[in-house]
*Asks:* 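Quick one: structure below, then a few questions.
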There are 2 protein chains.
Amino acid sequence: MTEAKGNTRTAYEQIRQAIVEGRYLPGQRLIEQRIAKEFELSRTPVRESLRMLEAEGLVHSEPNRGAVVRSVSVEELADLYALRALLESFAAELAAARITDEDLARIDEGIALFEESIGIAAGGTLEGVRALSEANRLIHGAIIHAARHERLAQLLARTVDVPLVFQAFRQFDRSEMERSHLFHRLIRDAIAAHEGARAARLMSEHVLQGRDVLIARIQAHPQGAEHLFASRPT
Amino acid sequence: MTEAKGNTRTAYEQIRQAIVEGRYLPGQRLIEQRIAKEFELSRTPVRESLRMLEAEGLVHSEPNRGAVVRSVSVEELADLYALRALLESFAAELAAARITDEDLARIDEGIALFEESIGIAAGGTLEGVRALSEANRLIHGAIIHAARHERLAQLLARTVDVPLVFQAFRQFDRSEMERSHLFHRLIRDAIAAHEGARAARLMSEHVLQGRDVLIARIQAHPQGAEHLFASRPT
DNA sequence: TCTCGCTGGATTGTACGCAATTCGTGGTGA
DNA sequence: TCACCACGAATTGCGTACAATCCAGCGAGA
């Protein structure tokens, strides 16, 4: 009440963001009462949000036992990225066939923003990581939008925007950001030239490189990434 | 109350089945009060079910305006099958690498059941179509299970089990059933031989043939399939 | 000591009521 | 005749109360 006219939508988004950014850790119980108090709402919108997040796969819940943040093993993480590579390269291929000038302009905007953000994010601040992640989201979102495939967009939103992706950006060093930037531009050009197969291959490579960086970091500094995973599997 | 201890789960499943089987038509408004009365519950579990179905993509809803059954255009239908082909062929490829004897036995069971069902379903009865659809679900489900990729399974459940797929089987004639049966066996053998690329190609072809049959039927008898689509786009 | 069952607190599941919003409908004025 | 506005029915959004369920901890009996 002290805040804006808080409705279910904002509850959903706040809980989601908390999970994605890792403020709610994998394995942690999500108790309706507590969350409701935290956001100054009643349990009703919180319950609905949790149900949506469950259908989305971000939380796991069992009848009469409530919801917990879902955890991901390293193996699942690798599989998840393989899936994402498949879906995003499909999107890139469709985009190459269906792109409009407007879509292309949106991609270019995202790319420009990504370039700007590299400087900020190289500092390693949360703010910088957020800016980079947001620019990345814009680029990939614009490509998916250009693919004109609503269901694909829906699935990707749930496959990409997962706790680990946000964490992944924290692990990036400057050269990796630059490499992502390069791939974004290559993909953009392939799409603009209507070269679907190339766009798809580049996108797949781009995503898999992100995966490899993330997994290498996890194995190099397991203590730094352990908060990604639950102590007990859920 | 008169019924079994009706909880949210059953409400969710009943509404879902009504949509998938076409008892709730695309474009139809889903009014909480009416559904609640229909299932003899309060609005609360109905609301939660609708939210889950929304996250799943089966219904569309806007704030303060409620939920409607989502409709699908022929173009979206084609895209949907392309997506399904992509995901299922990926599943087949993974399955070829990860298959166990147990999984293979499950696939074989499904194939045997499918063969039995062809005779029944050729009659064109709803019962026969249900049996065939169920056998088909078992086969594809066993392959997806063999792929050991939870998120992929989740996405496929929501991409495959869509109103249109159930309707599709009604459109099959005997030779098409036989062809599906043939492809099931070819896919099974490729998976058993750990030939991932072949399994993926066969699966893709299998799904796309299903698509072509369905679309051809729709265009040949548009009056028979019009109930698949809403009068107004949603 | 180990197992079993009981009990109380914590939490989820469901019903219900009221406020807020939407949308159709009819009336009013130009 | 037409545009506009206001009212009211229908519906959704949300809070709250209470029932159902789960689970940890404890005590009794073997």
Side-chain angles (χ1 to χ4, degrees), chain A residues 1-16 18-19 24-70 230-234, chain B residues 1-16 18-19 24-70 230-234:
Chain A
M1 290 280 196
T2 70
E3 198 59 24
K5 46 172 177 176
N7 59 16
T8 296
R9 227 75 197 177
T10 70
Y12 166 77
E13 275 153 23
Q14 285 189 280
I15 298 171
R16 191 175 204 293
I19 295 174
Y24 292 155
L25 299 177
Q28 181 175 337
R29 282 190 69 184
L30 298 172
I31 290 160
E32 298 171 0
Q33 196 83 244
R34 257 175 29 80
I35 295 175
K37 192 177 290 177
E38 190 176 331
F39 297 147
E40 294 183 312
L41 304 156
S42 81
R43 279 174 53 214
T44 311
V46 173
R47 275 182 75 76
E48 294 189 0
S49 301
L50 290 177
R51 282 289 144 81
M52 293 193 283
L53 292 167
E54 183 190 359
E56 226 172 285
L58 279 179
V59 313
H60 176 82
S61 78
E62 284 177 59
N64 289 316
R65 298 166 93 260
V68 301
V69 180
R70 203 156 154 191
S231 28
R232 313 177 293 186
T234 50
Chain B
M1 293 278 198
T2 69
E3 197 58 25
K5 46 172 177 176
N7 60 16
T8 296
R9 228 77 195 176
T10 70
Y12 166 78
E13 275 153 23
Q14 285 189 280
I15 298 172
R16 191 174 202 294
I19 294 174
Y24 292 157
L25 300 177
Q28 182 175 337
R29 282 190 70 186
L30 298 172
I31 291 161
E32 297 171 1
Q33 194 85 245
R34 255 173 30 79
I35 296 174
K37 192 175 292 176
E38 191 176 331
F39 297 146
E40 294 182 312
L41 306 154
S42 79
R43 280 174 51 214
T44 310
V46 173
R47 276 182 74 77
E48 293 190 0
S49 302
L50 290 178
R51 281 288 143 80
M52 293 193 283
L53 292 167
E54 183 190 358
E56 222 173 288
L58 278 180
V59 313
H60 175 81
S61 78
E62 285 177 57
N64 289 315
R65 298 165 92 257
V68 300
V69 180
R70 204 156 154 191
S231 28
R232 313 176 295 185
T234 52

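Residue numbers start from 1 in every chain, and the chains themselves are labelled A, B, ... in the order their sequence lines are given, proteins ahead of strands. Note that the structure is predicted; figures quoted are calculated from it, not measured.
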*Asks:* For A:R29 and D:dC22, give me the distance from atom CZ to atom C1', rounded to whole Å.
*Replies:*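 Atom-to-atom, A:R29 to D:dC22, this comes out as 9 Å.
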
*Asks:* Can you check the B:E40 CD to C:dG13 P distance for me, whole Å?
*Replies:*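 So the CD-P distance, B:E40 to C:dG13, works out to 22 Å.
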
*Asks:* Indicate yes or no for a side-chain donor-acceptor contact from A:R29 to the backbone of A:G66 under 3.5 Å, with no hydrogens or angles considered.
*Replies:*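 Looks like no, no N/O pair under 3.5 Å.
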
*Asks:* Assess whether salt bridge (charged side-chain N to carboxylate O under 4.0 Å, His left out) is satisfied between A:E48 and A:R51, documenting all intermediate values.
*Replies:* CA-CA 5 Å; A:E48 294 189 0; A:R51 282 289 144 81; over 6 Å; no

*Asks:* Can you sort out the partners of A:Q33 under side chain to side chain contact (heavy atoms under 4.5 Å, CB included), two or more places apart, ordered by chain and number?
*Replies:*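 Partners of A:Q33 under the side chain to side chain contact (heavy atoms under 4.5 Å, CB included) test: A:I31, A:R43.
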
*Asks:* Tell me whether the side-chain N/O atoms of A:R51 come closer than 4.0 Å to OP1 or OP2 in C:dG13.
*Replies:*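 Looking at the OP1 and OP2 atoms of C:dG13, one of them is under 4.0 Å from a side-chain N or O of A:R51.
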
*Asks:* Rounded to the Å, how far apart are B:R47 CZ and C:dG13 C1'?
*Replies:*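 These atoms are roughly 15 Å apart.
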
*Asks:* Between C:dT22, D:dT11, C:dT12, which nucleotide gets closest to the side-chain atoms of B:N64?
*Replies:*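 Nearest to the side-chain atoms of B:N64, counting from C-beta on, is C:dT22.
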
*Asks:* What is the distance from CZ of B:R65 to C1' of C:dC23, rounded to the nearest Å?
*Replies:*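 Rounding to the nearest Å, CZ of B:R65 and C1' of C:dC23 are 9 Å apart.
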
*Asks:* For a quick check of understanding: with a heavy-atom distance under 4.0 Å over all strands, which category does B:L30 fall into, base, sugar-phosphate or nothing?
*Replies:*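 Since only primed, P, OP1 and OP2 atoms lie under 4.0 Å of B:L30, the category is sugar-phosphate.
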
*Asks:* Provide, to the nearest angstrom, the distance between the CD atom belonging to A:E54 and the C1' atom belonging to C:dG13.
*Replies:*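 It is 14 Å, rounded to the nearest whole Å.
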
*Asks:* Output, in order, the C-alpha distance, side-chain angles, deciding distance and verdict of side chain to side chain contact (heavy atoms under 4.5 Å, CB included) for B:I15 and B:F39.
*Replies:* CA-CA 9 Å; B:I15 298 172; B:F39 297 146; 3.5 Å; yes

*Asks:* Just how far, in rounded Å, is P of C:dG13 from CD of B:E48?
*Replies:*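 For the pair B:E48 CD and C:dG13 P, the rounded distance is 7 Å.
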
*Asks:* So, does B:R43 get its side chain near the phosphate of C:dC16, meaning an N or O under 4.0 Å from OP1 or OP2?
*Replies:*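 So the side chain of B:R43 is outside the cut-off, no N or O lying under 4.0 Å from OP1 or OP2 of C:dC16.
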
*Asks:* Give a yes/no answer on whether the side chain of A:S42 brings an N or O atom under 4.0 Å of OP1 or OP2 in D:dG15.
*Replies:*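 Yes, A:S42 has a side-chain N/O under 4.0 Å of OP1/OP2 on D:dG15.
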
*Asks:* Send over the distance from A:E62 CD to C:dT12 P, rounded to a whole Å.
*Replies:*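 A:E62 atom CD is separated from C:dT12 atom P by 13 Å.
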
*Asks:* Would you kindly give the CD-to-P distance between A:Q28 and C:dT11, to the nearest whole Å?
*Replies:*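 About 13 Å, once rounded to whole Å.
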
